[in-house]
Amino acid sequence: MKLPVIKHLSKFIDDNDQDYLIEAIEVLEALTEVPSLKDEELDVIGELISNMYGALEVHKMVSDGVDKKEALNQFMQRVLGSIDK
């Protein structure tokens, strides 16, 4: 996951609507079913999906009253904590 991408997607949600991201995730997830995709292509799609889910999570925390910068920090700490385990 890349914090700059998550920040950018979070701004996109603020400017538009989270439904656009949800629908994009659905499209990307459907693409993963294509049998001819190479591993590298699946990795890129997976990274995009992960960043989109991250942006949705950050948006939810901000909606719940957490400062945007703090929400981003908390999310990345959770991600890094899960990698260390």
Sidechain-backbone polar pair: E33 side chain, A30 backbone, donor-acceptor under 3.5 Å: no

NZ/K60 to OG/S10 distance, rounded to the nearest 0.5 angstrom? 14.0 Å

Using the test side chain to side chain donor-acceptor pair (under 3.5 Å), find all partners of E70 that sit at least two apart in sequence or belong to another chain. Q74

By salt bridge (charged side-chain N to carboxylate O under 4.0 Å, His left out), K2 pairs with (sequence neighbours left out) none

OG1/T32 to CD/E41 distance, rounded to the nearest 0.5 angstrom? 12.5 Å

Sequence neighbours excluded, the answer for salt bridge (charged side-chain N to carboxylate O under 4.0 Å, His left out) partners of D15 is K11

Walk me through it: do S50 and M1 pass the test side chain to side chain contact (heavy atoms under 4.5 Å, CB included)? CA-CA 6 Å; S50 295; M1 287 192 200; 3.9 Å; yes

CG on N51 to NZ on K7, rounded to 0.5 Å: 13.5 Å

Under the side chain to side chain donor-acceptor pair (under 3.5 Å) rule, collect the residues that match up with D14, sequence neighbours excluded. K68

Could you list who else is in I45's hydrophobic cluster, with ILVMFWY side chains joined at under 4.5 Å, directly or through other members? V5, L9, F12, I13, Y20, L21, I22, I25, L28, L31, V34, L37, L42, V44, L48, I49, M52, Y53, L56

CG of N73 to CZ of R78, rounded to nearest 0.5 Å, is 12.0 Å

Among all residues two or more places apart in sequence or in another chain, which pass the side chain to side chain donor-acceptor pair (under 3.5 Å) test with Q18? none

